[in-house]
Amino acid sequence: MQTRVNETAPLAIAIVGAGIVGCATAFALALDGHRVTVFDPDLPGAGTSSGNAGGIVTGSVTPTATPDVLRALPSYLLDRSSPAVLRMRHSIRVLPWLVRFIRAARPAEVDRISAALHPLVSQSLAAHQTLASRCGARSLIGQEGWLKVYGSQQEFEATALDRRLMDRFGVRYTILDRNALTDLEPNLDPSLCLVGLHQFESGFVRNPGALAKAYLEGASRLGAVHLRRHVKGVARGPQAGATVHAEDGVRSFDRLVIAAGAWSANLVRQVGDRVSLDTERGYHIAFGEETGRLLRGPVVIPRLSLVLSPMHDGVRLVSGDELAGLKAPPNYSRIRALIPSARSALPALKDRMPVTEWMGFRPSTPDSLPVIGPSPRNPDVFYAFGHGHLGLTMAARTAELVRDGMTDRRSKPQLAPYLIDRFG
């Protein structure tokens, strides 16, 4: 493997976080010739990065907050069985985030945010393919696409905003009738398949944890070190750079990347910046490895508020947006209640019992945009977190932006929508 010769002297760079974003960033920086140290007590991709539905969704240009979502927000927050739920003990803490979320749902803001999402998601598959090829992991990334199915014309018509935004940015998709849907996914219940929308250029990773591991192993072969340590704090260096206060001592670096996902906010405060970040807790249930052959790729079923995806550990039932913070215990009752719906959508699951269940923390900003770029308080600190539902999708493109931003100040204009100073 050859590395690109960097035009500047190699930097000593610390990365806090070994999720998919942190691992991709570590590899991109190591390829650039830098000396990288990753701090995370867990294995690469062990957290939220490994528990998703596997999509690299190149057409995901619709933000989470929209006028339709805003109209449904009261029922989401008050109905215990709704697709999204707010735990009451967390309601006061999350209130400022919700106010910003409501503001982000205004039509003009939706258009602005969509325009900022597009360059991240549209280049995401190509960025992953390039990075994965450099570490011998290209085979982990397929292109099965991202399929949504609707059981009525009314359900499909409700996607007008999504289609308008995709059309605006040239996202290519195919509208499928029942015959085409059942040809593509013959094991789905035909009654759910009146019409489908297939983003056929989206990628698919059956084992996201393995991809994160491959990125970090690629970085390690280039000299990167993974220290399985808790980071207790970060601070400005004595002259420049930054220091990392881990459980076994203090280390100094030329640059610091905070890519700690849902745990990033505390480190941001220590740098002296402000961010609006909360945790959308997501859940999945897996039905066993042998069920993975039942679907060709991930299938979103909005009517049932779930995704079924054929992952390395079998078909996963993925669902749930739970605003409950980082400390509340998991509540699996809502996703367990969706098991009959999953079996009705995929009848071959009828006699299959769940094998595993999982909960993870999505680091979510109210405007659906990640935080990428330098700290205004300390330009030697870079941020790479807040990717919400699109951590896997955006990871490799984020790694490119962090790499370029550290050595080329001209990259700042393309980082403008994602800078942390938008939070004041």
Side-chain angles (χ1 to χ4, degrees), residues 17-24 42-60 62 64 83-84 117 120-121 124-125 127-128 132 137 140-148 199 202-215 259-262 279-287 289 291-292 295 297-302 305-322 330 332 335 338 342 354-365 368 370 384-399:
I20 186 69
V21 174
C23 291
D42 289 330
L43 293 170
T48 307
S49 299
S50 65
N52 53 62
I56 300 175
V57 192
T58 55
S60 188
T62 304
T64 304
L117 284 170
L120 291 178
V121 300
S124 60
L125 179 57
H128 270 297
L140 292 176
I141 302 173
Q143 197 167 341
E144 285 81 356
W146 188 251
L147 176 65
K148 295 184 178 182
Q199 296 181 29
S202 290
F204 180 49
V205 182
R206 290 179 182 267
N207 191 341
L211 183 61
K213 181 181 178 183
Y215 285 154
T279 303
E280 292 183 70
R281 293 146 57 108
Y283 292 80
H284 85 229
I285 284 174
F287 287 90
E289 185 176 348
T291 65
L295 292 172
V299 181
V300 185
I301 310 175
S305 301
L306 57 81
V307 181
L308 295 175
S309 190
M311 307 297 286
H312 70 287
D313 52 358
V315 168
R316 281 184 186 174
L317 158 59
V318 183
S319 185
D321 282 326
E322 182 183 49
Y332 292 103
I335 195 160
L338 290 173
V355 174
T356 59
E357 55 187 16
W358 172 95
M359 186 272 288
F361 303 93
R362 301 187 189 102
S364 297
T365 62
S368 302
F385 64 86
H387 295 78
H389 294 248
L390 297 171
L392 173 60
T393 295
M394 297 181 181
R397 182 64 187 130
T398 297

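Below, each value reflects all heavy atoms present in this structure, side chains not excepted, and no hydrogens, waters or symmetry copies. Counting begins at 1 with the first residue of the sequence.
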Quick check for you: to the nearest 0.5 Å, what is the distance between [X] atom [atom1] and [Y] atom [atom2]?
X: Trp146; Y: Thr393; atom1: CH2; atom2: OG1; result: 7.5 Å
X: Ile301; Y: Leu308; atom1: CD1; atom2: CG; result: 4.5 Å
X: Ser50; Y: His284; atom1: OG; atom2: NE2; result: 7.5 Å
X: Glu280; Y: Thr365; atom1: CD; atom2: OG1; result: 9.0 Å

If every non-hydrogen atom of [X] is compared with every non-hydrogen atom of [Y], which pair is closest and at what distance?
X: Gly314; Y: Thr291; result: CA-OG1, 3.4 Å
X: Ser60; Y: Leu117; result: O-CD1, 4.1 Å
X: Ala53; Y: Pro298; result: O-CB, 4.2 Å
X: Leu392; Y: His128; result: O-NE2, 2.7 Å
X: Arg362; Y: Gly388; result: CB-O, 3.8 Å
X: Tyr332; Y: Met359; result: OH-N, 3.7 Å

Atom CD of residue position Glu357 - does it have more than 12 heavy atoms of other residues, nucleotides or ligands inside 6.0 Å? yes

Look only at the side chain of [X] and the backbone of [Y], and say whether a donor-acceptor pair between them is shorter than 3.5 Å.
X: Gln199; Y: Gly59; result: yes
X: Ser319; Y: Ser305; result: yes
X: Ser309; Y: Arg316; result: no
X: Thr58; Y: Ser124; result: no
X: Arg206; Y: Pro310; result: yes

Kindly determine whether Asp313 and Val355 satisfy side-chain contact (heavy atoms from CB on, under 4.5 Å), including the steps that lead there. CA-CA 9 Å; Asp313 52 358; Val355 174; over 6 Å; no

Considering the options Val57, Val21, Val121, which one meets the side-chain contact (heavy atoms from CB on, under 4.5 Å) requirement together with Met394? Val121

Passing option when Pro208 is tested against Thr48, Asn52, Ile56, Ile20 for side-chain contact (heavy atoms from CB on, under 4.5 Å):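 So, applying the side-chain contact (heavy atoms from CB on, under 4.5 Å) to Pro208 and each of Thr48, Asn52, Ile56, Ile20, only Asn52 qualifies.
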
Are the side chains of [X] and [Y] in touch, meaning some heavy atoms are under 4.5 Å apart?
X: Phe287; Y: Ile285; value: yes
X: Glu322; Y: Phe361; value: no
X: Pro44; Y: Tyr215; value: no

Is a donor from one side chain sitting under 3.5 angstrom from an acceptor on the other, for Thr64 and His389? no

